[in-house]
Every structure is written in structure tokens, then in C-alpha cells.
Amino acid sequence: MLFHSTRGKDKDKTFEEVLMQGLANDGGLFMPDSWPQVDIDHLKNLSTFLDIAKYIVPMYTGSSFENKDVEKVLEKTWHDFEKKELIETFDIDKSLTVLELFHGPTAAFKDFGLQLAAAFFNKTLQVQNKTAIVFGATSGDTGSAAIDACKDFDLIKSFILIPDGNMSEIQRKQMTTVNRPNVFPILANGTFDDCQDIVKKGFKERSFLKEDQYLLAVNSINWVRIIGQICYYFFASLKVNKFSEPLNFSVPTGNFGNVFACYAASKMGMPLSKIIVAVNNNDILDRFFKNNDYSKADVTETISPSMDISVASNFERLLYDFYFNRNSQKCSDHYTDFPSKGIKIDEKMWKKSSELFLSYSINDDSTYECMKHFCDNFNYIMDPHTAVAAKAVIKLNNTLSNKTVILSTAHPAKFPIALKNAEINLDNMPKNLEKVLNMKEVEYKLSASEDSIFDFIKEKNK
Ligand SMILES: *Cc1c(COP(=O)(O)O)cnc(C)c1O
């Protein structure tokens with residue numbers, strides 16, 4: 001199985017190349033050349049998340065690694081989870097289940113994708129006898145999950161830019177209390193967009209890299225993150241009804257990575273009814289699914305900060321595969337003037353949406369109300385991101401048949417202010433989070449300028 005870009009020019013890439021490169025050279029996103037197909041009867045007989053990962057992941061890694069080596073990597077990949085099964089489910093009622101993806105070390109679902117990425121980064125670096133720098137900006141959970149996933153690998157140094165802004169104190173502390181010689185959390189005096197720009201320039205210039213050193217991207221466009229996420233959709237289907245009937249999945253979405261993993265699982269043969277694309281006030285995706293209007297708007301800060309985005313990078317993969325039937329020319333044409341001009345696709349093609357997708361944009365007041373509703377009526381406390389997905393299910397309930405799974409992407413304890421505003425008392429906190437609260441913060445304060453940040457990395461990279 002090889003990979004190619006959604007824009008067609010960068011192709012015949014191995015798994016390892018796609019992993020280490022991140023974004024395709026033509027500006028597109030990597031896709032597998034075909035969708036590997038699962039045997040549902042085989043999956044029905046598996047039981048753990050790891051069993052499923054050992055079945056799914058090798059379908060994508062064959063161009064670079066032997067299956068037995070991949071299995072060895074996977075046995076060590078997901079670590080420091082607070083639940084033995086990694087994922088738990090909570091049944092709200094007969095037709096509604098919450099899939100808790102937040103039992104990992106950073107208490108958000110991003111541990112699934114980033115621990116897999118880190119494991120394969122490390123494996124590749126060992127084989128090639130090289131080192132790497134991870135460079136990224138974070139508005140919330142990506143940075144902590146990336147730092148945590150890479151911190152035990154000496155071949156990798158992580159530099160994460162933390163902007164001024166809407167991040168919760170716990171989210172920041174998860175990055176600043178790690179205190180390892182290969183981890184550099186940088187408090188950059190600027191906005192998230194300033195930080196993103198610096199990261200983008202860093203990937204162009206590479207001035208701080210040593211010879212033979214990789215610069216690794218950990219943002220959600222990396223295909224390996226999607227693979228890790230595909231696995232838990234199969235796990236959910238196994239747990240909820242052993243694949244006996246197609247499920248609906250309601251997914252709180254920002255960059256569309258998690259939704260795309262659901263779509264990918266269905267292309268691989270997982271029974272699927274509807275995908276609910278649940279967003280906060282940053283509603284570019286909802287505008288597309290409702291009105292065929294995919295145009296960039298300014299970011300508004302919400303109580304679900306990990307979904308505060310102006311464009312959804314992984315959406316390009318859906319345009320390419322689902323709407324354009326893998327026509328890369330069409331895909332690159334549509335992105336020529338984006339984001340200065342919005343994307344609107346052929347009306348006939350766009351109508352295809354309704355086969356599979358529903359969407360809803362939920363504002364902060366409705367999010368609070370939903371948190372309160374589930375707490376009062378079901379004694380279940382959810383974080384604001386999860387509540388966006390839960391509220392979308394309530395709004396769309398009339399149009400849904402089949403059972404629905406809500407993806408719970410973060411532990412509520414990560415968002416104490418939102419809990420307080422919703423008048424919810426949470427009395428248990430994951431040990432991984434409790435730990436960071438009282439630890440000393442070590443961070444580097446720099447201005448959000450290329451020079452100061454690139455110089456800093458160069459110095460620490462000696
Ligand atoms: C990153 C994140 C999301 C959004 O995920 P995407 O894959 O970008 O759509 C949702 N919830 C939480 C808690 C997150 O950290």
C-alpha cells in the first residue's frame with residue numbers, strides 16, 4: 001500500500017515517507033492509494049483495542065515495516081492510560097452511548113493518534129540512525145499529547161509554541177511541568193495564528209536543523225494520527241453491538257481529523273449510518289454541510305477551545321475522496337484561491353452529503369445547558385467538547401434511527417472554569433491531571449518572532 005497527495009503531484013510514497021513528511025510537497029494531504037478492506041467476521045472475534053490495532057495498523061504500514069515488527073511496536077504504543085481497556089463506554093440509555101477516549105496520559109483523545117505517531121517516529125529514527133525535531137503550535141490538547149508521546153524518546157526534541165489565549169491552566173501545565181531535557185514548551189507572546197505562521201516558516205526554512213535531522217509535524221494532517229483514530233471506531237462498533245447494525249457517530253470537530261477517521265473506518269468496511277459533524281460557533285463545516293459554503297471566517301473564542309479553528313485542514317481529504325471521487329485535479333483547482341475565496345462545489349455532488357453527514361453548530365450557552373442536562377438527568381459529567389457533540393444529537397434526534405455513539409474527546413476535569421459556569425461539581429480527577437497541578441512549571445518565554453524562536457531552537461539543538 002502506497003500513498004499519494006490529494007492534489008496529485010506527490011505520489012508513490014511509502015508509509016515511512018508519509019509519516020516523516022507530514023504534508024505533501026504539493027500542499028495537499030496524503031491518502032492511501034486504496035481503502036484496505038476488513039473482514040468483519042474476523043473483527044467480531046477480537047476483544048481488546050490492541051487486538052483491533054494489530055489488525056488495522058499493518059494494513060497501512062506494509063510498504064515500510066514487517067508485520068511482526070509493527071506488532072512489537074504496537075504492544076508498547078499506548079501507555080500510561082488510567083483504564084486497562086484504554087477506552088470505556090457509558091450508556092446514557094438504550095440508544096445512546098458515550099465513548100470515553102480521554103483515559104490517556106493527557107486526558108484527551110489525541111493520545112491515541114500521537115502515541116502511535118511517536119512510536120513510529122522513534123522506530124524509524126532508530127532504523128535510520130537519525131534524530132528529529134518536533135515543532136508545532138498548540139491551542140490546547142495537541143501540544144500536551146505530542147510532548148507526552150515523545151518525551152521518552154531521546155532521539156526526538158520537542159519544541160511547542162504556546163500562544164497567549166484561551167487555553168485552560170491545566171492544559172498549559174500539562175506542557176510546562178514535564179521537565180525533561182528534550183522538551184521545550186515555549187510561551188510565545190502572540191496569538192495562535194502568529195505561532196502557526198512561525199511554524200510554517202520553520203518548515204520552509206529549516207535553518208535550525210542539523211544535517212540528517214528530520215523536522216516532524218504533529219498536527220492532525222499526519223496520516224498516522226488518523227490510523228490510530230480509525231482503530232477506536234472499530235472498537236466502538238465491537239463494544240456497542242458487535243457490528244450487528246450500522247451506528248451513528250456524533251463527533252465534536254475542529255480540524256475534521258476525528259470525523260475523517262470515522263469516514264475512513266466506514267470505507268474500510270465498518271457499518272455506519274450517519275456521521276454527525278458537531279461544531280461550536282466556529283461553524284465553517286456546518287455552513288458547508290447546510291449551505292455548500294466552505295469559506296473562512298474569523299476565529300471566535302469558545303468554551304470548547306480545541307475546536308476554535310477558521311478552516312478544517314482534514315476536510316480536503318473528504319472533498320477529494322467522497323465528493324470528487326479521487327479526482328486530484330478537481331481538488332487542487334478548488335484549493336487554488338482558498339482561503340481568500342471560499343469553496344463551493346457542484347450542487348449535484350454536494351447533495352451526496354445527505355447520504356452520510358449531518359451537522360450542527362452549538363453555541364456556548366447550549367453547551368453549558370447540555371452539560372447541566374446530562375449531569376442532572378443521568379448523573380454524567382461531560383467536558384464542553386463532548387457536550388457540543390451530545391447537544392447536536394439532541395437537536396437532530398428526530399432524523400436519527402439506529403443507535404448513536406457520542407465521542408467524548410476530553411476529560412471534564414481539564415475545563416474547571418466551564419464546569420463552574422455550568423454549576424457542576426466534579427469530585428474526581430484523573431491522577432495524570434492531579435499530578436501536574438502541583439508541579440513546578442518550567443517554560444521558556446519568547447516573543448512570537450521567527451528570529452527569537454529559530455535562534456532558541458538552534459541553541460538548544462547543539
Ligand atoms: C482536538 C480536539 C477536538 C477536535 O478534533 P479534530 O480532529 O481536530 O476535529 C475535539 N475535542 C478535543 C477535546 C480536542 O482536543
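Order of appearance sets the numbers: ligands from 1, and atoms from 1 within every ligand.
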Practice task
Apply side chain to side chain contact (heavy atoms under 4.5 Å, CB included) to the pair Phe289 and Asp283, showing each step before the final yes or no.
Solution key: CA-CA 10 Å; Phe289 288 109; Asp283 66 349; over 6 Å; no

Practice task
Examine Asn255 against ligand 1 and note whether any of their N/O atoms are separated by less than 3.5 Å.
Solution key: yes

Exercise for the section: Could you tell me whether some N/O pair between Thr253 and ligand 1 is separated by less than 3.5 angstrom? Expected result: no

Completion exercise
Within 4.0 Å of some non-hydrogen atom of Ala410, the atoms of ligand 1 are 13 (C)

Exercise for the section: Report, in ascending order of atom number, the atoms of ligand 1 lying under 4.0 Å from any heavy atom of Gly257. Expected result: 6 (P), 7 (O), 9 (O)

Exercise for the section: Test Phe15 against Tyr60 for ring pair (Phe, Tyr, Trp, His ring centres under 6.0 Å), laying out the working first. Expected result: CA-CA 7 Å; Phe15 169 76; Tyr60 291 105; 8.4 Å; no

Practice task
Flag Phe256 as yes when one of its N or O atoms lies below 3.5 Å from any N or O atom of ligand 1, and as no otherwise.
Solution key: yes

Exercise for the section: Would you check if Leu187 and Glu441 make a side-chain contact, meaning some heavy-atom pair closer than 4.5 Å? Expected result: no

Completion exercise
Atoms of ligand 1 under 4.0 Å from any heavy atom of Lys110, numbered from 1 in the order shown, are 1 (C), 2 (C), 3 (C), 14 (C), 15 (O)

Exercise for the section: Report yes if some N/O of His385 lies less than 3.5 Å from some N/O of ligand 1; otherwise report no. Expected result: no

Exercise for the section: Distance to 0.1 Å, residue and atom name: give those for the protein heavy atom nearest to atom 4 (C) of ligand 1. Expected result: Gly254 N, 3.6 Å

Problem - NZ (Lys352) with more than 12 external heavy atoms under 6.0 Å - result: yes

Problem - Ser295 and Asp293: side chain donor to acceptor below 3.5 Å - result: yes

Practice task
Give the residue, atom name and distance (to 0.1 Å) of the protein heavy atom nearest atom 7 (O) of ligand 1.
Solution key: Asn258 N, 3.0 Å

Handout entry: Side chain proximity check, Tyr320 to Ser5, heavy atoms < 4.5 angstrom
Key = no

Practice task
Kindly indicate whether a cation-pi arrangement holds for Lys391 with Tyr360, taking the cut-offs as under 6.0 Å to the six-membered ring centre and within 45° of the axis.
Solution key: no

Problem - Polar atom proximity, Ala108 to ligand 1 (N or O, under 3.5 Å) - result: no

Practice task
Examine Gln229 against ligand 1 and note whether any of their N/O atoms are separated by less than 3.5 Å.
Solution key: no

Problem - Protein contact of atom 5 (O) of ligand 1 - nearest heavy atom, named by residue and atom, plus distance - result: Phe109 CZ, 3.5 Å

Problem - ligand 1 N/O within reach of Pro252 N/O, cut-off under 3.5 Å - result: no

Exercise for the section: Could you go through the side chain to side chain contact (heavy atoms under 4.5 Å, CB included) check for Leu29 and Asn314 one step at a time? Expected result: CA-CA 8 Å; Leu29 278 69; Asn314 277 287; 3.9 Å; yes

Practice task
Evaluate salt bridge (charged side-chain N to carboxylate O under 4.0 Å, His left out) for Asp148 paired with Lys151, printing each intermediate quantity in order.
Solution key: CA-CA 5 Å; Asp148 191 85; Lys151 70 180 196 282; 2.9 Å; yes

Exercise for the section: Could you say whether the N/O atoms of Thr409 and ligand 1 ever approach to under 3.5 Å? Expected result: yes

Handout entry: Between Ser366 and Asn363: side-chain donor-acceptor atoms closer than 3.5 Å
Key = yes

Handout entry: Asp141 neighbourhood, listing ligand 1 atoms whose heavy-atom distance to it stays under 4.0 Å
Key = 12 (C), 13 (C), 14 (C), 15 (O)

